Amino acid sequence: MHNYHGLLLAHNDHIANTTGHRPSFFIRTYGCQMNSRDSEKLAALLTQLGYQEAQSLETSDLALFNTCCVRESAENRIFGHLSRLRHTKETQKPDMLIAVGGCMSQQAEISEKIAAAHPYINVVFGTANRHRLPQFLWQAIQSGKQVIDISEDENLPELDSVPVTTRDYAHKAGVNIMYGCDNYCSYCIVPYVRGRERSRPAADILREIEALAADGVKEIMLLGQNVNSYGKRLANDSLDSGVILDFPTLLRHVNQVPGLERIRFMTSHPKDFSNDLVAAVRDLDKVCKSVHLPLQSGSTRVLEDMNRQYTQDDYLALAARLQQAGIGLSTDIIVGYPGETEDDFIATLEVARKVRFLGAFTFIYSKRSGTPAAKRTDLVPRKVSSERFERLTATIYPILLEINQAKVGSTVHTMVEETSGTAIKGRTDDNTLVHFDAEQGAYKLGQIVPVRITSAKSFYVCGEIV
Ligand code: SAH
Ligand code: SF4
Ligand code: F3S
């Protein structure tokens, strides 16, 4: 790691700090688990350099935005938050440094737009050079000018090797197993802002997981845009066996890490879900029996337009194989993709009824400039897509309720995830959210307890300790 220990002194001077307090930072994270994990690593990097964590963006000396651009709504929200912080900076904290990184800034035209329209922002950096943040801050302080650098630097392991000092949760953590995406689904901006698919060496991944488990982590989420293709871009990576690793093999190794209770992974692309992977999920004791398998659309014609590389039949067959193996499914669905007809939409409803998802994230198509779909002119009117969105959730939510009602009376192993006084929230192996009460302090985070389910709602169940 480059030595930027002078940064702290420079920052102290910049804020004319004579109190002896170390300059503070606060990170606001948007988007997916990859961004959350990146933020933890950036926090560790800043802590290593001597910064302390502030209580809020408004009170920090360094306000850091780790952004998402997967849908327009995410970007609008970020610009709203930035404008509010501008007010704080201009009226109360003129020396505050504001840095904006992540997927939104990685888009060249957006980074220029941010720079031009938001002169109070000091640093704009990207996804592939995030480990160089200290250098950019240093430059911004020294020059007094805005620093914009979204150059791509493939040397990401530099940030991977930073040991995380504080995690968002004590009992669970995400671990990147790969970066980027090569699938180019026609609506999606991720391949353009996260670069080509690269797998991390298995030995590094296992070392990181072993360290987390030794530190008390009970649940690991293996992260990648398409974890099923793990290993494709990783020639000559072998553990003792000398074989090239694929995802099921990696899972088998992770399953052996002592101290772990649960292994999850996100996200799986249906086109790459092999029989070997179905068997690994079914047979490995620590791997949770639920899989997130984005459908996107139930219409084969729309799937083809989306470049998803599977048909409705392929998806249904895979879903049946997984469910027969005792594995539940959750999903992502987009409505209102350009050219989506009423029949296409009905095909999506049909798949939702047949599969009976345990959970679903539903989205209205959002045009992302630079993607192939952005060129389409046959847009679905907003009114129609909103109406389809309502119909989709009206189909899915009652099924969720039925699924949860069927659990009433059964006893489930619940991992304690959140406690507030006597109220506890936990999750089962299949990711059902469970609310229950217990004496204050009776259970600690990450502990697995038997809970008998007494009542059900669409998005959670309530129960009592057995
Ligand atoms: N790599 C993951 C998902 C990444 S983005 C995967 O392939 O499943 C998370 C979800 O956002 C996607 O599954 C998709 O449903 C949704 N999404 C992505 N781009 C979108 C867009 N332009 N409009 C609406 N939803 C989108
Ligand atoms: Fe986007 Fe498709 Fe890659 Fe997922 S698989 S990140 S939806 S391009
Ligand atoms: Fe958003 Fe980037 Fe994740 S666009 S969803 S933060 S990969």
Side-chain angles (χ1 to χ4, degrees), residues 27-39 65-75 77-78 100-107 110 126-128 130 150 174 176-198 221-230 232 265-273 291-298 302-303 305-310 315 329-338 340 348 357 359-376 379-380 382 385-386 388-389 392:
I27 308 181
R28 165 81 34 97
T29 308
Y30 302 84
C32 64
Q33 282 95 342
M34 323 273 165
N35 262 15
S36 305
R37 188 65 180 153
D38 283 352
S39 290
F65 286 73
N66 194 5
T67 62
C68 172
C69 58
V70 76
R71 282 170 293 276
E72 196 185 358
S73 52
E75 288 192 343
R77 205 151 36 99
I78 294 163
V100 181
C103 294
M104 186 175 91
S105 5
Q106 189 64 51
Q107 307 165 88
I110 297 275
T127 55
R130 50 195 172 22
I150 57 165
N176 286 102
I177 65 167
M178 63 208 298
Y179 299 103
C181 183
D182 280 350
N183 288 312
Y184 292 99
C185 303
S186 58
Y187 50 82
C188 183
I189 192 128
V190 171
Y192 307 92
V193 293
R194 287 279 174 172
R196 299 287 54 72
E197 185 180 301
R198 284 107 53 215
M221 170 86 86
L222 303 174
L223 300 173
Q225 296 297 351
N226 178 16
V227 292
N228 308 9
S229 67
Y230 175 77
K232 254 195 209 159
F265 52 88
M266 222 155 111
T267 298
S268 293
H269 196 302
K271 76 177 164 66
D272 293 316
F273 215 109
V291 163
H292 191 66
L293 193 69
L295 167 67
Q296 312 302 6
S297 168
V302 173
L303 287 169
D305 275 7
M306 287 177 163
N307 189 31
R308 289 291 289 179
Q309 299 172 57
Y310 54 88
Y315 189 94
L329 298 174
S330 59
T331 201
D332 293 349
I333 297 174
I334 301 175
V335 299
Y337 183 80
E340 184 189 69
T348 299
F357 294 107
F361 295 105
T362 49
F363 308 106
I364 292 179
Y365 168 74
S366 168
K367 176 177 162 179
R368 305 283 65 207
S369 60
T371 62
K375 296 196 193 75
R376 305 261 314 229
L379 299 182
V380 175
R382 186 76 197 184
S385 46
S386 301
R388 286 183 188 160
F389 183 87
L392 179 63

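These figures come from a predicted structure and were not determined experimentally. Throughout, numbering of the chain's residues begins at 1 and tracks the sequence. Numbering of ligands and ligand atoms starts at 1, following listing order.
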Do me a favour and list the nearest non-hydrogen protein atom to [atom] with residue, atom name and distance?
atom: atom 5 (S) of ligand 2; answer: Asn183 ND2, 3.4 Å
atom: atom 6 (C) of ligand 1; answer: Thr267 CG2, 3.7 Å
atom: atom 1 (N) of ligand 1; answer: Gln225 OE1, 2.7 Å
atom: atom 7 (S) of ligand 2; answer: Tyr187 OH, 3.4 Å
atom: atom 1 (Fe) of ligand 2; answer: Cys188 SG, 2.3 Å
atom: atom 4 (Fe) of ligand 2; answer: Gln225 O, 4.3 Å
atom: atom 1 (Fe) of ligand 3; answer: Cys68 SG, 2.4 Å
atom: atom 22 (N) of ligand 1; answer: Ser366 O, 2.8 Å
atom: atom 2 (Fe) of ligand 3; answer: Cys103 SG, 2.2 Å

Taking 4.0 angstrom as the limit and counting only heavy atoms of [X], give me the atoms of ligand 1 inside it, by number and element.
X: Tyr365; answer: 23 (N), 24 (C)
X: Gln296; answer: 12 (C), 13 (O), 14 (C), 15 (O)
X: Ile334; answer: 14 (C), 15 (O), 17 (N), 25 (N), 26 (C)
X: Ile364; answer: 24 (C)
X: Arg71; answer: 11 (O), 16 (C), 17 (N), 23 (N), 24 (C), 25 (N), 26 (C)
X: Val70; answer: 5 (S), 18 (C), 19 (N), 20 (C), 21 (C), 22 (N)

Can you name the atoms of ligand 2, numbered from 1 with element, that are less than 4.0 Å from a heavy atom of Tyr184?
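Per the distance check, 8 (S).
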
Show which atoms of ligand 2 fall inside a sub-4.0 Å distance from at least one heavy-atom site of Pro191.
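Close to Pro191: 8 (S).
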
Short N/O distance, under 3.5 Å, between [X] and ligand 1?
X: Asp332; result: yes
X: Asn226; result: no
X: Arg368; result: no

Mark yes or no for whether [X], through its side chain, and [Y], through its backbone, hold a donor-acceptor pair below 3.5 Å.
X: Asp272; Y: Ser229; result: no
X: Thr331; Y: Leu295; result: yes
X: Tyr315; Y: Ser297; result: no
X: Arg37; Y: Gly174; result: yes
X: Ser385; Y: Ile364; result: no
X: Asn66; Y: Asn35; result: yes

Looking only at heavy atoms, which two atoms of Pro270 and Pro294 are closest? And how far apart?
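Taking Pro270 first and Pro294 second, the nearest heavy atoms are CG-O, 3.4 Å.
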
Can you name the atoms of ligand 3, numbered from 1 with element, that are less than 4.0 Å from a heavy atom of [X]?
X: Cys32; result: 3 (Fe), 5 (S), 6 (S), 7 (S)
X: Asn35; result: 6 (S)
X: Gln225; result: 7 (S)

Out of Pro191, Gly180, Ala74, Cys69, whose heavy atom is nearest to atom 4 (S) of ligand 3?
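The option holding the nearest heavy atom is Cys69.
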
Option nearest atom 2 (Fe) of ligand 2 (shortest heavy-atom distance, choices Ser229, Cys185, Cys32, Cys181)
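Result: the heavy atom closest to atom 2 (Fe) of ligand 2 is in Cys185.
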
Counting only heavy atoms not in Gln309, do more than 12 sit closer than 6.0 Å to its CD atom?
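Yes.
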
Can you establish whether the number of heavy atoms outside Phe361 located under 6.0 Å from its atom CZ is more than 12?
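Atom CZ in Phe361 is not packed in, count stays at 12 or less.
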
Which segment of Tyr187 sits under 4.0 Å of ligand 1 when only heavy atoms are counted
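Both backbone and side chain of Tyr187 come within 4.0 Å of ligand 1.
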
Counting only heavy atoms closer than 4.0 Å, does ligand 1 sit against the backbone of Pro294, its side chain, both, or neither?
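Within the 4.0 Å criterion, Pro294 contacts ligand 1 through side-chain atoms alone.
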
Is NZ or CZ of Arg77 both nearer than 6.0 Å to the six-membered ring centre of Tyr30 and within 45° of the ring axis?
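No, a cation-pi geometry is absent between Arg77 and Tyr30.
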
Any side-chain donor near an acceptor of the partner, Tyr187 and Gln296, under 3.5 Å:
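Looking only at side-chain atoms, Gln296 and Tyr187 do form a donor-acceptor pair, the distance falling under 3.5 Å.
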
With salt bridge (Lys or Arg N to Asp or Glu O under 4.0 Å) as the test, would you mind laying out the steps for Arg71 and Asp332 before giving the verdict?
CA-CA 14 Å; Arg71 282 170 293 276; Asp332 293 349; over 6 Å; no

Side chain, backbone, both or neither: which part of Arg308 comes within less than 4.0 Å of ligand 2 when only heavy atoms are counted?
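Near ligand 2, Arg308 shows its side chain, while the N, CA, C and O stay back.
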
Under 4.0 Å, heavy-atom basis, I'd like to know which part of Pro294 is in contact with ligand 2: side chain, backbone, both or neither.
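Contact part for Pro294 vs ligand 2: neither.
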
Can a non-hydrogen atom of Arg194 be found less than 4.0 Å from any atom of ligand 2?
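Contact check Arg194 vs ligand 2: negative.
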
Of the options Val193, Thr127, Ile110, which is the one that meets Met104 in a side chain to side chain contact (heavy atoms under 4.5 Å, CB included)?
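It is Ile110, the one option of Val193, Thr127, Ile110 that forms the side chain to side chain contact (heavy atoms under 4.5 Å, CB included) with Met104.
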
